[in-house]
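The block underneath contains the structure these notes are about, expressed in structure tokens.
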Amino acid sequence: MRLKNARRTTLFATLGLAAALTLTACGGGDDDTSGDTPSGAPSSSASAGATETGASGSGSSGGSDAGATATGSATGTGAGAGSDGKTSICRTDELEVNAADNTTDKKEGVVTVQLKNAGGRDCSINGYAGVDLKAADGSTLSVERNGEPVYPAVLKNGDSAAFNITFPYNNSGGSGVRLTDILVTPPNETKYVRVAWPAGTLPVTDGSSSGKLQIGPATRVG
């Protein structure tokens, strides 16, 4: 009788120990799960720092792309994007500027100024360039806008925009006004580029409406 009671006591003790071990194991698993942070998920401090980097507006692909990746958003702003997600303007130092005479008749002369994106990034161009014409006598001639509508465009590296300068053709028989240079300030910029005037002279006087110096807006070529 004593042997049977001893076996029963031992069995209960063993079952109690097993139950205790099972409860301990379950409690430990719950603690480990609640304390884990996925290694690929950014912390709040990392996200805040990435937002500041992406909002630098510097126009470099590194800053903009870094901000988008760290925050986990697929904004696709790409190279040259500013803090608002729009493509930054084409800077003067990123553009190759040249001018060509495209005059086809002896009534109105046309000089086409081309602005080629050579900056290695996408940039936007929007509006009228600033243009001054320098004459051989040292004077500066102002050029009016012709009032044509503006069409904003994004220029990829190697793309070009262009605008025309129209001027009265000199068929007066005299030497006229000899121009030497065009001072071109790209739209929304303050720094100008000097290029040689490629066409003929202007009449000394011209009272007709077609005798005005005018420019059109910069428009994407192609």
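Closest approach of A99 and A196 over heavy atoms only: CB-O, 4.2 Å. The minimum heavy-atom distance between P168 and L213, with the atom names listed, is CD-CD2, 4.4 Å. Closest heavy-atom contact between N157 and G120: OD1-N, 2.9 Å. Contact between P187 and A129 at its shortest, heavy atoms only, is CG-N, 3.9 Å. V177 and P203 make their closest contact through CG2-O, 4.2 Å (heavy atoms, listed as atom of the first residue, atom of the second, distance). Residues A161 and V221 come closest through the heavy atom pair C-CG2, 3.9 Å.
Contact of the K156 side chain with the N117 side chain is not registered, since no non-hydrogen atoms from C-beta on lie closer than 4.5 Å. Within the 4.5 Å cutoff, the side chain of Y169 has no heavy atoms near those of the E108 side chain. Annotation: side chain of D181 is not in contact with side chain of L133 (no heavy-atom distance under 4.5 Å). Between E96 and S160, every side-chain heavy-atom pair lies at or beyond the 4.5 Å cut-off. Using a 4.5 Å cut-off on side-chain heavy atoms (C-beta onward), T185 and V193 make no contact. The side-chain heavy atoms of D122 and L155, taken from C-beta on, include no pair separated by under 4.5 Å.
Hydrophobic clustering of Ile, Leu, Val, Met, Phe, Trp and Tyr side chains at less than 4.5 Å, counting indirect connections, keeps I89 apart from Y192. Residues L141 and I215 fall within the same hydrophobic cluster, defined by Ile, Leu, Val, Met, Phe, Trp and Tyr side chains chained together at heavy-atom separations under 4.5 Å. Note on V113 and V150: same hydrophobic cluster, where clusters join Ile, Leu, Val, Met, Phe, Trp and Tyr whose side-chain heavy atoms are under 4.5 Å apart, directly or indirectly.
Between the side chain of D101 and the backbone N or O of V111, no donor-acceptor pair lies under 3.5 Å. Using a distance-only test at 3.5 Å, with no hydrogens or angles considered, a donor-acceptor pair links the side chain of R220 to the main chain of G222.
Rounding to the nearest 0.5 angstrom, the gap separating the CZ atom in R91 from the CG atom in N188 is 9.0 Å. Once rounded to the nearest 0.5 Å, the distance linking CG of L183 with NZ of K134 reads 6.5 Å. The distance from the OG1 atom of T103 to the CG atom of D105 is 8.0 Å, given to the nearest 0.5 Å. Here the CD atom belonging to Q114 is positioned 10.5 Å from the CG atom belonging to L95, to the nearest 0.5 angstrom. Here the NZ atom belonging to K212 is positioned 5.0 Å from the CD atom belonging to E144, to the nearest 0.5 angstrom. Put simply, CG on L179 and CH2 on W197 are 5.5 Å apart, with the number rounded to the nearest 0.5 Å.
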Dump the intermediate steps for side-chain contact (heavy atoms from CB on, under 4.5 Å) on N146 and Y128, then the final yes or no.
CA-CA 10 Å; N146 64 11; Y128 285 79; 3.2 Å; yes
Apply side-chain contact (heavy atoms from CB on, under 4.5 Å) to the pair I165 and V131, showing each step before the final yes or no.
CA-CA 9 Å; I165 303 173; V131 172; 4.0 Å; yes
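Screening T112, N102, T219 for a side-chain hydrogen bond (donor to acceptor under 3.5 Å, both in side chains) with N164, the sole residue that qualifies is T112. V97 pairs with exactly one of I182, T92, V195 by the side chain to side chain contact (heavy atoms under 4.5 Å, CB included) rule, that one being V195.
In this model, a donor atom of one side chain and an acceptor atom of the other lie less than 3.5 Å apart for N170 and T201. D132 and T140 share no donor-acceptor pair across their side chains, judged by distance under 3.5 Å alone. Between the side chains of N126 and S124, no donor N or O sits under 3.5 Å from an acceptor N or O.
Of the charged side-chain nitrogens involved, none lies within less than 4.0 Å of a carboxylate oxygen, so that K116 and D159 do not count as a salt-bridged pair.
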